[in-house]
Each structure stands twice: as structure tokens, then as C-alpha cells.
Amino acid sequence: MRLPSADDDCAPAAAVSASAVDESTGPSTESLAVRLGPLVPEDVVETAAQRVGAFIRSGRTGSIRLAPPEGGSEPIELFVETRIEPAHLLVVGANAFSLALVEAARPLGLRITVCDPRPSFADQTSFPGAEVVRAWPHRFLTEAAATGEFDTRSMICVLSHDPKVDIPTLAVALDLDVAYVGAMGSRRSDRDRRAALREAGVASPALARLHSPIGLHLETFTPAEVAVATLAEILAVRGGRRQVVPLSDEREDSPLH
């Protein structure tokens with residue numbers, strides 16, 4: 001991870017070693033705060049550590065802009081260069097909702113895979129920016145997980161809305177140690193889906209990890225709206241937020257997000 005500073009041509013140069021970081025989980029906020037301590041003012045260290053940690057865990061590279069410290073007038077800008085593989089987003093089902101999710105997720109710097117068993121739908125040209133796999137998703141997921149393609153940062157979104165696809169795929173997904181598993185459908189579909197998963201042998205603790213119906217409750221209807229609600233929920237879950245509230249409702253002493 002490299003942080004710009006005033007001795008650089010454009011900003012100060014400083015480095016924070018991340019060589020000891022667990023690539024699947026990234027550094028803890030506490031360890032990053034220690035490393036960032038000499039480089040940023042004390043009153044923004046915690047916020048800087050949270051923002052930098054989120055970048056590293058998702059495998060992103062780019063700039064982070066922080067509000068000026070207490071008594072300061074200039075914002076702080078950090079450049080984070082991450083040298084681990086991007087987090088993996090698996091989208092199950094090739095349809096308009098999948099396309100919208102792929103388009104919305106592309107700027108996040110994720111590795112995106114779309115999986116669908118239907119030859120006429122699993123078309124690489126229809127999903128620019130994503131890998132398209134033509135296979136039964138539960139089989140693909142089982143094989144890919146065995147080779148290490150999914151880890152604790154990975155996200156799995158089941159958008160097929162077909163029980164023949166949903167149930168076996170979710171049964172595999174909920175047995176993996178990944179960051180997020182979600183499935184699209186109405187509340188009635190969710191009740192039926194959970195009952196079918198229990199019949200398939202999925203235990204209650206694993207079933208409790210399922211985010212279904214997928215996404216935050218934002219009164220979303222169109223594919224683009226559902227994509228935004230889904231990514232918002234994923235970001236909240238990855239950030240450890242059990243409850244999401246508007247920034248305007250946050251306390252003044254809460255860390256910036």
C-alpha cells in the first residue's frame with residue numbers, strides 16, 4: 001500500500017507494508033491504524049484505517065479522500081495500491097437483473113462471473129466486463145471453490161429465480177465461508193426457498209446467513225434499482241453494518257464512510 005505525501009512530485013510519499021496481511025481477509029482496522037499513525041493526523045486515523053482496509057479487502061487500487069482534520073482546511077488524499085486478487089462476485093442467472101448488477105458492480109473493481117446453464121442466455125458478449133460460464137451453477141461453484149476461486153471476501157448473488165437452479169446453488173453457497181450470499185425473489189418465494197433448503201439438509205445457522213429477498217428495502221422494482229439495492233446491502237454487510245441509516249442521521253462523532 002502506497003500513500004502519497006509532500007516529497008513526491010505531486011504529493012508526500014510514504015509506504016505501509018502489507019506483506020504480513022492475510023490475503024483472504026485483509027489487515028485489521030487496528031493494525032492499519034498503527035501503520036497509518038505516523039502518516040495522518042490522530043483525529044482521522046480511525047477513519048483512514050477503515051477506508052484503507054475496505055480497499056485492501058476488496059482488492060481495489062485508487063485514491064481515498066478524507067475530510068480535513070480538526071482545525072485543518074485541506075482534505076487528505078491517500079493512494080492505495082493493493083496487490084492481491086480482487087474480490088470475486090458470482091452472479092447466478094443470465095437475465096436483465098444480472099446485466100444491471102454487472103454494470104453497477106464494474107466500477108468496484110471486482111472479479112465478476114456470470115453463470116447460467118442455458119446456451120442461449122450465457123453469452124459472453126451480453127455481459128461486458130464479466131466472465132460468462134455456461135454450466136449448472138452448483139457444479140461450477142463446487143469446482144471453483146475447491147480450486148480456491150472463492151474466499152472470505154467473495155459474494156454470491158442468485159438471481160435466476162428458478163428453484164431448479166436456486167436450491168442446489170444456495171445449498172453449496174451457504175456451506176462456503178464467503179462474505180455474502182443473497183437470492184432474489186418475493187417474500188413468498190423466500191419462504192418456499194428456505195423450506196426447500198431445510199429439506200435439502202441446510203442447517204439453521206447456515207440458512208441464517210442467506211440474504212433473501214436480496215438487497216436493502218428501498219422500494220426497488222426495475223433491474224437497475226434492484227442492482228443498486230443489492231450492492232448497497234453487500235457493502236453494508238462487508239462493512240459489518242447490521243443496520244444502515246442515512247449519513248445525515250449519524251452522530252457527529254461517528255467515523256466518516
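Taking both residues in full, the closest heavy atoms of P137 and P117 are given as CD-CD, 4.0 Å, listed atom of the first, atom of the second, then distance. Minimum interatomic distance between G215 and E233 (heavy atoms only, all atoms of both residues): N-OE1, 2.8 Å. Minimum interatomic distance between T230 and C157 (heavy atoms only, all atoms of both residues): CG2-SG, 4.0 Å. The shortest non-hydrogen separation linking F127 to V102 is CD2-CG2, 4.2 Å. When all heavy atoms of G109 and P86 are compared, the closest pair comes out as O-CB, 3.2 Å. For the pair A171 and L197, the tightest heavy-atom approach, listed with the atom from each and the gap, is N-CD2, 3.9 Å.
At least one donor-acceptor pair under 3.5 Å links the side chain of R193 to the backbone N or O of M184. Q124 contributes a side-chain N or O that, together with a main-chain N or O of A130, makes up a donor-acceptor pair within less than 3.5 Å. The backbone N or O of A179 lies less than 3.5 Å from no partner atom in the side chain of R238, so there is not a single donor-acceptor pair.
How far CG of L66 is from CD of Q50: 10.5 Å, rounded to the nearest 0.5 Å. The CG atom of L174 sits 10.5 Å away from atom OG1 of T169, with the distance rounded to the nearest 0.5 Å. For the atom pair I64 CD1 and T47 OG1, the distance stands at 11.0 Å (nearest 0.5 Å). Atoms CD and CG, from E42 and L36 in turn, are 13.0 Å apart once rounded to the nearest 0.5 Å. Note: R65 CZ to L78 CG = 11.0 Å, rounded to the nearest 0.5 Å. The SG atom of C115 sits 8.5 Å away from atom CG of L141, with the distance rounded to the nearest 0.5 Å.
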Practice problem: Apply the test side chain to side chain donor-acceptor pair (under 3.5 Å) to residues D166 and S160: give CA-CA distance (whole Å), side-chain angles for both, the deciding distance (0.1 Å), then the verdict. | Solution: CA-CA 7 Å; D166 292 359; S160 55; 2.4 Å; yes
Quiz item: What's the verdict on side-chain contact (heavy atoms from CB on, under 4.5 Å) for L90 and F140, showing C-alpha distance, side-chain angles and the deciding distance?
Solution: CA-CA 10 Å; L90 173 63; F140 165 74; 3.7 Å; yes
Self-check item: Intermediate values then yes/no, side-chain contact (heavy atoms from CB on, under 4.5 Å), V181 and L176
Solution: CA-CA 10 Å; V181 180; L176 300 177; over 6 Å; no
Exercise. In sequence, state the C-alpha distance, the side-chain angles, and the governing distance for R111 and E85, and then conclude on side-chain contact (heavy atoms from CB on, under 4.5 Å).
Key: CA-CA 8 Å; R111 175 189 173 187; E85 291 295 319; over 6 Å; no
Practice problem: Could you go through the side-chain contact (heavy atoms from CB on, under 4.5 Å) check for R209 and V178 one step at a time? | Solution: CA-CA 10 Å; R209 296 175 46 231; V178 295; 3.8 Å; yes
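L110 is connected to L101 through a chain of hydrophobic side-chain contacts under 4.5 Å among Ile, Leu, Val, Met, Phe, Trp and Tyr, so both are in one cluster. Linking Ile, Leu, Val, Met, Phe, Trp and Tyr residues whenever their side-chain heavy atoms come within less than 4.5 Å places V158 and L207 in a single cluster. No continuous path of hydrophobic side-chain contacts links I112 to V133 [ILVMFWY only; heavy atoms under 4.5 Å]. No continuous path of hydrophobic side-chain contacts links V91 to F150 [ILVMFWY only; heavy atoms under 4.5 Å]. Residues L231 and V228 are members of separate hydrophobic clusters, defined by side-chain heavy-atom contacts under 4.5 angstrom among Ile, Leu, Val, Met, Phe, Trp and Tyr.
Counting heavy atoms from C-beta outward, I76 and P41 have side chains that approach closer than 4.5 Å. The side-chain heavy atoms of D116 and N95, taken from C-beta on, include no pair separated by under 4.5 Å. Counting heavy atoms from C-beta on, the side chains of S154 and D151 come closer than 4.5 Å.
In summary, the side chains of D192 and S189 do not present any donor paired with an acceptor at a separation below 3.5 Å, with no hydrogens or angles considered. Checking T125 against D123 by side-chain atom types alone, a donor-acceptor pair falls below 3.5 Å.
Taking the six-membered ring where tryptophan is involved, the planes of H211 and Y180 are essentially parallel, since the angle between them stays under 30° and well short of 60°.
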